[in-house]
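The structure presented is a predicted model; accordingly, all values stated were derived computationally and were not measured.
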Amino acid sequence: MNCEVCHLKELEVESFEIREVLRCILHTIVFHRALGLIRPKDIDLELFDITYVQCGEIEVEKKIDETIEHFISWIEKHPNKKSQICVSFYEVKSKQPSWFNNKQRSYWEQWYVNLNVLHQTKSPSHHSKLVMDTGEASEERSSRRTMLEQSLQEVLFHIIKFVNEKKDHVPPINDGVIYCPFEITMPSSSDSTFGMDILKRMLHSGGHPSMLS
């Protein structure tokens with residue numbers, strides 16, 4: 001079974017837009033890999049004229065929100081750096097019996113979310129944006145926001161297109177499983193290297209899903 005990899009279009013965002021953009025993308029990815037009985041929940045973005053769907057699972061929401069908060073903390077320490085977040089879906093397989101942990105993860109799909117966060121000395125509030133932006137600055141911000149909204153829609157369409165076209169690699173799911181097991185990896189707190197680089201090299205070298213214990 002091969003591990004399918006999807007690289008999403010890079011989005012240029014300001015710091016105050018990170019939460020909404022990442023929630024929209026990450027929840028859309030997980031929702032479209034939910035194979036069990038779920039409670040879909042429509043979410044309207046505040047900054048953009050876009051509606052996305054969550055799978056309605058508290059644990060998923062908690063996991064995504066925690067990742068976003070960690071990502072924002074990393075961005076604050078590493079301004080003006082392009083960053084990736086990787087969503088990896090996997091199944092757990094048993095290894096040969098041993099004295100050690102006999103479970104290992106077999107990765108069958110990975111999504112790379114790419115962001116270029118524009119550095120600001122201070123993230124404006126919604127109110128201050130409306131008061132301070134005048135003339136050319138206001139037009140420039142409006143134009144940039146429109147382009148970001150269009151790009152975000154393109155990313156969502158890319159996700160839907162990918163999941164509709166790539167199905168053969170999805171492993172069978174046991175009864176009672178609501179969504180496929182997944183993990184979210186982001187830059188470490190200590191440096192700018194992306195923690196999944198080793199995994200990417202293993203995937204590119206073998207063409208089969210990586211096995212990590």
Side-chain angles (χ1 to χ4, degrees), residues 1-57 60-61 63-65 67-68 71-72 75 81-90 107-118 140-171 173 177-187 194 196 199-200 203-204 209:
M1 177 174 57
N2 292 328
C3 180
E4 294 286 350
V5 178
C6 181
H7 292 270
L8 298 174
K9 176 181 179 178
E10 181 181 278
L11 299 179
E12 189 175 85
V13 301
E14 294 186 50
S15 57
F16 67 93
E17 298 166 327
I18 293 175
R19 284 186 179 87
E20 280 216 322
V21 168
L22 283 182
R23 280 176 183 153
C24 179
I25 295 174
L26 296 178
H27 276 290
T28 299
I29 291 172
V30 176
F31 172 76
H32 284 284
R33 282 302 181 221
L35 304 179
L37 184 61
I38 60 175
R39 300 180 297 275
K41 181 168 63 174
D42 290 344
I43 303 295
D44 296 324
L45 296 183
E46 294 183 3
L47 299 177
F48 310 98
D49 186 19
I50 292 176
T51 299
Y52 68 95
V53 183
Q54 296 182 1
C55 63
E57 289 296 312
V60 171
E61 294 182 25
K63 191 171 188 176
I64 289 176
D65 284 345
T67 298
I68 293 173
F71 178 80
I72 291 175
I75 286 296
K81 287 194 175 183
K82 296 183 179 182
S83 302
Q84 281 186 326
I85 289 180
C86 180
V87 182
S88 301
F89 291 95
Y90 62 89
Y107 293 86
W108 51 268
E109 186 172 274
Q110 292 180 315
W111 300 77
Y112 287 91
V113 181
N114 301 285
L115 293 185
N116 181 18
V117 181
L118 302 177
E140 181 180 351
R141 180 178 294 277
S142 177
S143 176
R144 195 200 66 80
R145 181 68 57 79
T146 298
M147 292 179 61
L148 176 56
E149 181 174 306
Q150 293 174 347
S151 295
L152 181 54
Q153 289 175 332
E154 291 176 12
V155 168
L156 299 182
F157 288 139
H158 187 182
I159 294 171
I160 295 173
K161 183 174 184 291
F162 184 90
V163 297
N164 285 335
E165 293 180 351
K166 306 288 186 178
K167 299 179 180 180
D168 293 341
H169 67 290
V170 180
I173 303 299
V177 175
I178 298 177
Y179 56 88
C180 301
F182 69 96
E183 65 182 23
I184 306 177
T185 310
M186 48 177 280
F194 190 42
M196 297 298 286
L199 182 56
K200 288 169 65 178
L203 289 173
H204 291 163

Closest contact, heavy atoms only, C6 versus H158: SG-NE2, 3.6 Å
Criterion salt bridge (Lys or Arg N to Asp or Glu O under 4.0 Å) on K166 and E109, from CA distance to verdict: CA-CA 10 Å; K166 306 288 186 178; E109 186 172 274; over 6 Å; no
Could you state the interatomic distance from [atom1] ([X]) to [atom2] ([Y]), rounded to the nearest 0.5 Å?
X    : Y    : atom1 : atom2 : result
K9   : E154 : NZ    : CD    : 3.5 Å
I72  : S15  : CD1   : OG    : 8.5 Å
F157 : L152 : CZ    : CG    : 10.0 Å
C3   : Y107 : SG    : OH    : 9.5 Å
I68  : E20  : CD1   : CD    : 10.0 Å
M186 : I75  : CE    : CD1   : 8.0 Å

Would you indicate whether the side-chain heavy atoms of [Y] and [X] approach each other to under 4.5 Å?
X    : Y    : result
F89  : I29  : yes
L148 : L47  : no
E12  : L118 : yes

Checking the side chain of [X] only, and the main-chain atoms of [Y] only, is there a donor and an acceptor separated by less than 3.5 Å?
X    : Y    : value
K63  : F182 : yes
R23  : L45  : no
E149 : D49  : yes

Evaluation steps, side chain to side chain contact (heavy atoms under 4.5 Å, CB included), between Q54 and V60: CA-CA 9 Å; Q54 296 182 1; V60 171; over 6 Å; no
Side chain to side chain contact (heavy atoms under 4.5 Å, CB included) assessment of F48 paired with Q153: CA-CA 10 Å; F48 310 98; Q153 289 175 332; over 6 Å; no
Candidate list K82, Q84, H7, E10, test side-chain hydrogen bond (donor to acceptor under 3.5 Å, both in side chains), partner N114, passing option: Q84
Within 6.0 angstrom of N164 CG, more than 12 heavy atoms from elsewhere: yes
Ring geometry between W111 and F162 (parallel below 30°, tilted from 30 to 60°, perpendicular above 60°): perpendicular
Full working for side chain to side chain contact (heavy atoms under 4.5 Å, CB included) between L115 and L22: CA-CA 9 Å; L115 293 185; L22 283 182; 3.7 Å; yes
Step-by-step side chain to side chain contact (heavy atoms under 4.5 Å, CB included) determination, I25 to L11: CA-CA 11 Å; I25 295 174; L11 299 179; 3.8 Å; yes
Set of residues satisfying side chain to side chain donor-acceptor pair (under 3.5 Å) with respect to S142, sequence neighbours excluded: none
